[in-house]
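Reviewing the structure listed below.
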4 protein chains.
Amino acid sequence: MPKITDEKRALRRIQILEAAWSCFQKQGLHATTMSDIIAASNLSAGAVYSYFPSKDELILAAVKTSLTGLRERVEPLLNAAPLLPPSRFIEDIARAVTDFTAREGYDLRRVALLGWSEAQRNEHLRETMQVYYVEFRARLADAVANWKRAGEIRKTADDGDVSKTLLAMILGFVVQSAITGDVSAQELAHGLRDLVQREGADAE
Amino acid sequence: MPKITDEKRALRRIQILEAAWSCFQKQGLHATTMSDIIAASNLSAGAVYSYFPSKDELILAAVKTSLTGLRERVEPLLNAAPLLPPSRFIEDIARAVTDFTAREGYDLRRVALLGWSEAQRNEHLRETMQVYYVEFRARLADAVANWKRAGEIRKTADDGDVSKTLLAMILGFVVQSAITGDVSAQELAHGLRDLVQREGADAE
Amino acid sequence: MPKITDEKRALRRIQILEAAWSCFQKQGLHATTMSDIIAASNLSAGAVYSYFPSKDELILAAVKTSLTGLRERVEPLLNAAPLLPPSRFIEDIARAVTDFTAREGYDLRRVALLGWSEAQRNEHLRETMQVYYVEFRARLADAVANWKRAGEIRKTADDGDVSKTLLAMILGFVVQSAITGDVSAQELAHGLRDLVQREGADAE
Amino acid sequence: MPKITDEKRALRRIQILEAAWSCFQKQGLHATTMSDIIAASNLSAGAVYSYFPSKDELILAAVKTSLTGLRERVEPLLNAAPLLPPSRFIEDIARAVTDFTAREGYDLRRVALLGWSEAQRNEHLRETMQVYYVEFRARLADAVANWKRAGEIRKTADDGDVSKTLLAMILGFVVQSAITGDVSAQELAHGLRDLVQREGADAE
DNA sequence: GATGAATGAGTCTTCATTCAT
DNA sequence: AATGAATGAAGACTCATTCAT
């Protein structure tokens with residue numbers, strides 16, 4: 001077995017990461033043993049450890065990857081021109097969360113909950129997440145500025161405050177749909193629309 | 001006949017629970033060992049086990065108690081007459097979360113994140129949470145009905161949808177403030193107000 | 001099982017240490033597994049670890065104890081008045097090494113070799129040994145001074161040099177008897193006497 | 001027909017052996033992994049294993065080689081005519097040990113300690129060493145006989161006993177200088193001389 | 001011949017829980 | 001009732017060795 005190509009190494013990494021995801025979702029981060037992951041990956045202990053030096057590193061990679069994966073899906077929505085109005089925008093973001101979950105064969109929402117929990121005791125993970133969410137909020141603030149120009153929300157709105165509220169809605173959607181399992185992207189969006197529109201205002 | 005009165009038993013339970021909370025927040029649910037909790041509670045292993053038959057029960061009790069504690073603080077806000085308008089209401093709820101954290105000497109938000117994560121692998125906890133959030137949402141739906149009567153939001157709004165959106169905002173506030181640590185109840189409320197009010201609408 | 005007495009704790013420690021010695025001699029330090037020691041001590045893994053926090057600590061204790069044990073046996077020889085002449089003195093020291101081995105049911109010489117080897121990679125052990133041997137040499141230097149006063153060796157002798165040579169003989173006796181197994185305390189002493197006494201000098 | 005000449009093979013062996021020595025000294029025999037040696041030798045795992053079938057063989061070879069190397073250096077001293085008197089002879093032997101260490105870029109003394117320790121659990125190594133030391137002692141006994149003829153030591157001296165004492169001094173010098181690091185060949189020799197010469201005897 | 005990725009048995013250590021005192 | 005020492009199953013990780021390419 002001489003030198004393996006970088007391509008193959010990358011594939012192996014993904015193979016292991018997928019095995020890990022699958023276990024993590026079913027059993028949680030700590031109830032999952034390395035043996036579980038090793039068995040699910042169809043590799044040997046040594047092989048897995050040659051790709052990830054510790055369980056913590058594997059957890060980190062799993063969570064980071066899901067963060068990155070989500071970003072890639074949400075990016076187009078943020079860059080769309082013209083930008084969709086707030087409630088439609090939120091609906092699409094929520095749908096991206098839901099779709100990501102369904103498509104990749106693993107539940108992004110569950111991984112998110114596990115990751116947040118883990119971030120409490122893992123410095124590196126906590127920082128990674130902080131940076132991620134702060135950056136994401138900055139992108140939302142850009143969207144808010146856009147909406148102000150488009151007259152979707154009033155000019156005096158504070159970009160920062162609104163972006164915080166929007167992020168809260170998105171993260172809360174993740175939690176709520178993971179725990180109660182009975183919330184759709186559409187319901188979230190309609191709820192926002194109804195909150196926004198007063199009596200007599202014309203719908204969407 | 002027990003030497004120890006029921007009253008004393010109750011106090012001991014709280015003593016243990018507080019020790020557990022304190023450890024859980026610092027180290028997470030699984031990195032906390034029974035030894036940690038036993039040491040923090042100033043009791044013996046046997047004593048702790050006579051109050052809680054297993055670590056899982058202790059986790060369950062710790063999370064349930066924080067759920068109950070929060071409910072008690074939020075209850076008055078839901079029953080207030082007249083009900084505050086949406087953004088004010090959200091602000092007060094968020095403030096209750098923040099205050100609860102500060103006052104009891106332990107961080108409700110962290111416990112919430114840990115609890116959600118744990119709920120992934122603990123059937124009983126998951127059901128408890130589901131019931132709790134669904135009930136809480138029902139109370140929020142009542143508030144929505146109230147707001148409709150008061151003309152705060154339009155009559156055609158769907159109580160269920162709006163309650164889901166509101167819950168998302170609240171849960172998302174918990175996540176965001178636990179992870180980034182830079183969101184206040186006021187910012188959340190202002191963000192909602194700005195989202196709600198269009199150009200030319202009169203403020204609050 | 002309430003609080004155990006200090007006495008019992010000390011006995012347990014010895015019980016474990018003896019199990020460890022016995023294993024270390026048969027298999028060496030690193031080929032001995034904790035399982036071996038646990039089995040030999042008739043205790044559980046947890047119990048052993050409650051007395052010694054790691055294998056390294058156990059190794060350290062085993063070596064230190066043998067150092068201390070030997071010192072206790074050699075002490076009287078150093079303090080004897082009048083001090084025996086050099087070759088007799090060396091003979092008794094060598095005999096103490098041999099006896100210690102036989103009596104305590106474990107081979108001091110083997111433990112010494114293992115310890116020296118381990119000291120190469122264990123900072124703490126190395127320092128402990130350094131201190132021990134330097135102190136021991138100081139005691140030998142005292143003996144040399146005594147011999148000079150008694151006319152056993154010439155006045156111009158350097159206490160330090162002679163103590164180094166004596167220590168070398170003792171340590172070398174340990175090595176040689178452990179490896180070849182065919183050297184007695186008497187042979188060592190006779191060899192020294194023969195080296196010391198020239199033609200025509202009167203014996204002993 | 002091998003692509004590689006015997007000469008090259010021999011060079012490779014030495015290259016590996018030197019890598020092994022270097023690792024063994026730094027970390028000890030068991031803390032050194034085959035990976036360490038492989039990395040230090042700049043060869044592949046397969047290559048190293050084609051020269052030494054197992055780690056044990058490598059240890060054996062490393063220790064044996066150091067034994068042989070030392071013999072080659074000491075040989076001339078034993079065959080010198082006229083033979084140096086005892087304390088001068090010991091000084092030169094000790095110096096050979098020290099020089100060997102310095103010149104070959106690796107510490108003979110450390111390897112010796114490791115080897116003795118390993119001999120406890122390695123039958124083959126133990127036998128090799130026994131033979132080596134017994135033979136070496138026989139050469140020392142020859143020297144003793146010489147000294148008797150030359151009147152350096154008294155005629156009634158027992159060649160065997162004296163050779164054992166001399167070997168003890170040499171081996172003990174190795175231990176002491178490896179552990180305390182503060183003994184020179186000269187000090188050892190002076191110590192012996194002082195022990196040998198009584199009051200009034202003429203020096204050297 | 002050479003390579004180095006893969007193997008997997010074996011190691012040290014932890015920790016929820018029990019129960020003799 | 002209370003104690004805390006003891007248990008031992010289970011977990012994370014290592015590393016000598018092999019063999020497909």
Side-chain angles (χ1 to χ4, degrees), chain A residues 1-5 8-9 12 30-39 41-58, chain B residues 1-4 8-9 12 30-39 43-59, chain C residues 1-5 8-9 12 30-39 41-58, chain D residues 1-4 8-9 12 30-39 43-59:
Chain A
M1 263 169 221
K3 204 140 193 137
I4 218 172
T5 63
K8 274 206 164 159
R9 274 199 75 81
R12 274 265 201 278
H30 292 278
T32 294
T33 70
M34 285 304 286
S35 282
D36 293 335
I37 297 172
I38 288 156
S41 71
N42 284 320
L43 290 168
S44 66
V48 169
Y49 272 90
S50 83
Y51 287 87
F52 297 93
S54 71
K55 189 183 174 183
D56 261 17
E57 218 58 42
L58 199 40
Chain B
M1 197 165 268
K3 277 185 186 165
I4 271 187
K8 266 199 167 166
R9 279 197 72 84
R12 278 276 171 84
H30 290 276
T32 294
T33 69
M34 285 303 286
S35 280
D36 293 335
I37 297 173
I38 288 158
L43 292 171
S44 67
V48 169
Y49 270 87
S50 80
Y51 289 85
F52 297 94
S54 73
K55 190 182 175 184
D56 263 14
E57 290 300 319
L58 200 39
I59 289 175
Chain C
M1 264 169 220
K3 205 140 194 136
I4 218 172
T5 63
K8 276 206 162 156
R9 274 198 75 82
R12 274 264 200 278
H30 291 278
T32 294
T33 69
M34 285 303 287
S35 280
D36 292 336
I37 297 172
I38 287 156
S41 70
N42 284 319
L43 288 170
S44 66
V48 169
Y49 272 89
S50 83
Y51 287 87
F52 297 94
S54 71
K55 189 182 177 184
D56 260 17
E57 217 58 41
L58 199 40
Chain D
M1 195 166 268
K3 278 183 185 166
I4 272 187
K8 267 203 167 164
R9 279 198 70 83
R12 277 277 171 84
H30 290 276
T32 294
T33 69
M34 286 301 288
S35 279
D36 292 336
I37 298 172
I38 288 158
L43 291 170
S44 68
V48 170
Y49 270 87
S50 79
Y51 288 85
F52 297 93
S54 72
K55 189 183 175 183
D56 263 15
E57 289 301 317
L58 199 41
I59 289 176

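Predicted, not measured: the structure shown is a model, and the values here were computed from it. Residue numbers begin at 1 in each chain, while the letters A, B, ... track the order of the sequences.
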*Distance in Å, I37(D) CD1 paired with I59(D) CD1, rounded so as to fall on 0.5 Å steps*: 7.5 Å
*Residues in side-chain hydrogen bond (donor to acceptor under 3.5 Å, both in side chains) contact with T33(B), at least two apart in sequence or another chain*: D36(B)
*asked:* Suppose we screen for side chain to side chain contact (heavy atoms under 4.5 Å, CB included). Which residues come up paired with S50(B), at least two apart in sequence or across chains?
replied: none
*Could I get the full list of side chain to side chain contact (heavy atoms under 4.5 Å, CB included) partners for L43(B), not counting sequence neighbours?*
R12(B), Q15(B), I16(B), S41(B), A47(B), V48(B)
*Hunt down any stem DNA chain F takes part in, defined as 3 or more consecutive Watson-Crick or G-U pairs whose two distances are each under 3.5 Å.*
E:2-21 with F:2-21
*Let me know the distance between CZ of R9(A) and P of dG4(E), rounded to the nearest Å.*
12 Å
*Examine dA6(E): is either OP1 or OP2 under 4.0 Å from a nitrogen or oxygen in the side chain of R12(A)? Give yes or no.*
yes
*Which atom pair, heavy atoms only, marks the closest approach of K55(B) to H30(B)?*
NZ-O, 3.7 Å
*What is the distance from CD1 of I37(D) to P of dT17(F), rounded to the nearest Å?*
11 Å
_For S44(B) and V48(C), find the nucleotide of DNA chain F closest to each by heavy atoms; which residue's nucleotide sits nearer the 5' end?_
S44(B)
_Just the rounded figure in Å: distance from P of dA10(F) to CG of D36(A)._
13 Å
*Check the distance between dT17(F)'s C1' and I59(D)'s CD1 and give it to me in whole angstrom.*
15 Å
*Locate the shortest heavy-atom distance separating R9(C) from Y51(C); write the atom from each residue and the value.*
O-CE2, 3.6 Å
*Minimum heavy-atom separation for Y49(A) to M34(A), with atom names?*
OH-CG, 3.3 Å
_K8(C) NZ - dT21(E) C1' separation (whole Å)_ = 10 Å
*Expressed in angstrom and rounded to an integer, what is the separation of L58(B) atom CG from dT17(E) atom C1'?*
13 Å
*For the pair made of OH in Y51(C) and C1' in dA5(F), what is the distance, rounded to whole Å?*
7 Å
*Under 4.0 Å protein heavy-atom contacts per nucleotide of nucleotides 10-16 of chain E, with B for base, S for backbone only and - for none*: -SSBBBS
*What pairs with A31(C) under side chain to side chain contact (heavy atoms under 4.5 Å, CB included), at least two apart in sequence or on another chain?*
Q27(C), R121(D)
